[in-house]
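Here is the structure we will look at.
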Amino acid sequence: MEIIFVRHGQTDLNRSGCIQGSSTNEILNGVGREEAEKAGSNFNSKKFDVIYSSPLKRALETAEIFTHDRNDIIIDDRLKEIDFGEWDGQPVAKIEKKYPDAIDSWGQVGQSYIKYAPNGETFEELNQRCGQFLRDMVDRYPNSKILVFCHGTLIRMMAAHYLTNGNMNNFETIRNCALVKFNYHNRSPRMVYYNKVLYELTKE
C-alpha cells in the first residue's frame with residue numbers, strides 16, 4: 001500500500017497567524033488556490049485508486065483542484081483538523097502572550113493547551129483518531145494507492161503515530177499543499193518523504 005497526505009492550501013486564517021482547528025471552516029484564499037493549482041499541475045492524481053478528504057472546505061477545495069474535480073472523493077470525518085476548542089480562530093501571538101507554557105519554541109500549540117481550552121481535543125484523542133484511520137486503510141486497501149487531503153496538525157500526528165508513538169514534537173507543520181508519503185510492506189509502514197513541495201510561487 002502507498003498513502004500520500006496533502007495539506008490544504010492557504011486560508012486567510014493561515015496568513016494572519018491564527019489557530020485553525022476543526023470548528024473553523026475557511027475557504028482557500030487567492031494564494032491557496034494558486035498553490036493548489038500549481039502543485040496539482042505537477043501531480044498525477046489519476047494513478048491513485050482511492051481519494052479521501054476531510055469534509056472541511058479548505059481541504060475539500062484543495063482536493064477538487066488537485067484531482068480536477070474527480071467525482072469519487074470519499075469524505076471522512078476522521079480527517080478533520082484537531083478541535084482546538086475555545087482557541088480555534090484565535091491569534092497565536094495573543095495566546096502565546098497569555099499562556100506561554102502552551103506554545104512550543106516553534107510557535108505550535110503544545111500538548112498542555114487543553115488546560116486552558118478544556119473543550120478542545122487532546123493530543124491523545126487525535127492520535128487515537130489517526131490510528132483508527134490508518135488501520136482502516138491498511139485493512140481495506142492493502143495493495144492500493146491512496147491519496148488523502150487534510151490538515152497540518154492532523155498530518156503531523158499521522159506521522160507521529162507511526163514513528164514516535166504519537167509525540168509530535170519532532171515534526172514541523174508541513175507547508176500548505178505539501179505532501180507526506182508512506183509505503184507499506186507486509187503492513188509495516190516506512191516514511192518516504194515529509195513536507196515535499198511541488199510548487200514555488202513567484203515572489204512579488
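Just so you know, these numbers come straight off a predicted model, no measurement behind them.
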Side-chain donor/acceptor of N119 to backbone N/O of E86, under 3.5 Å: no
Backbone N/O of L28 and side chain of R33: donor-acceptor pair under 3.5 Å: yes
Sub-4.5 Å side-chain heavy-atom contact between Q111 and E124: yes
Expected output: side-chain E81 to main-chain L154 donor-acceptor under 3.5 Å: yes
Common cluster, F149/I155, ILVMFWY with side-chain heavy-atom separation under 4.5 Å: no
Spatial distance of atom CZ (R156) from atom SG (C130) [nearest 0.5 Å]: 11.5 Å
F43, F48, Y199 screened by ring-ring contact (aromatic ring centres under 6.0 Å, His included) with F66, the one that passes: F43
Residues M158, F133; criterion side-chain contact (heavy atoms from CB on, under 4.5 Å); working and verdict: CA-CA 9 Å; M158 290 289 187; F133 177 81; 3.7 Å; yes
Passing candidate, ring-ring contact (aromatic ring centres under 6.0 Å, His included) with Y194, options F5, Y162, F171: F171
T62 versus G9, closest heavy-atom pair with distance: OG1-N, 3.1 Å
Minimum heavy-atom distance between A159 and M191, given as atom pair plus value: CB-CE, 3.8 Å
S112 (side chain) donor-acceptor with D101 (main chain) under 3.5 angstrom: yes
Within 6.0 angstrom of K181 NZ, more than 12 heavy atoms from elsewhere: yes
Note, P142 side chain near R187 side chain (heavy atom, < 4.5 Å): no
Heavy atoms of other groups near H185 NE2, more than 12 under 6.0 Å: no
N/O donor-acceptor pair under 3.5 Å between D49 side chain and K145 backbone: yes
Stepwise salt bridge (charged side-chain N to carboxylate O under 4.0 Å, His left out) test for R129 and E121: CA-CA 11 Å; R129 175 155 61 92; E121 185 177 14; 2.8 Å; yes
Straight-line distance of C18 SG to I95 CD1, nearest 0.5 Å: 9.5 Å
D88 and its side-chain contact (heavy atoms from CB on, under 4.5 Å) partner, picked from I82, L13, I19: I19
Greater than 12 external heavy atoms within 6.0 Å of R190's CZ: no
Heavy-atom closest contact (M157 atom, M168 atom, distance): N-SD, 3.6 Å
Verify same cluster id: V192, L147 (apolar side-chain graph, 4.5 Å): yes
Centroid separation Y99 to Y113 less than 6.0 Å: no
Polar side-chain atom of R7 near backbone of I174 as donor-acceptor pair, under 3.5 Å: yes
Cluster link V6 to V197, ILVMFWY, side chain under 4.5 Å: no
Separation between OG of S54 and CG of L60, rounded to the nearest 0.5 Å: 8.0 Å
Polar side-chain atom of N176 near backbone of H8 as donor-acceptor pair, under 3.5 Å: yes
Path from I73 to I27 over hydrophobic side-chain contacts below 4.5 Å: no
Side-chain donor or acceptor of Q10 paired with backbone N/O of N29 under 3.5 Å: no
Residue pair R135, H161: steps toward the side-chain contact (heavy atoms from CB on, under 4.5 Å) verdict: CA-CA 11 Å; R135 288 189 296 273; H161 179 81; 4.2 Å; yes
Y141 and Y184 aromatic centres sub-6.0 Å: no
Gap between atom OG1 of T173 and atom NE2 of H151 - 0.5 Å precision: 13.0 Å
Connected via hydrophobic side-chain network under 4.5 Å: I75 and L134: no
Rounded distance (nearest 0.5 Å) linking atom OG of S53 with atom CD of E64: 8.0 Å
Spacing of Q20 atom CD and N25 atom CG [to the nearest 0.5 Å]: 9.0 Å
Candidate pair R175 and E35, rule side-chain contact (heavy atoms from CB on, under 4.5 Å), full reasoning: CA-CA 10 Å; R175 292 172 59 179; E35 289 169 340; over 6 Å; no
Expected output: side-chain N14 to main-chain T11 donor-acceptor under 3.5 Å: yes
side-chain contact (heavy atoms from CB on, under 4.5 Å) evaluation trace for Y52 with M137: CA-CA 10 Å; Y52 275 80; M137 294 301 99; 3.6 Å; yes
From I51, I74, I3, I4, residue fulfilling side-chain contact (heavy atoms from CB on, under 4.5 Å) relative to I146: I3
Donor-acceptor under 3.5 Å (N186 side chain, S188 main chain): no
Distance-minimising heavy-atom pair for S22 and L56: O-CD2, 3.7 Å
Side chain to side chain donor-acceptor pair (under 3.5 Å) partner of N167, the single match among N169, T164, N170: N169
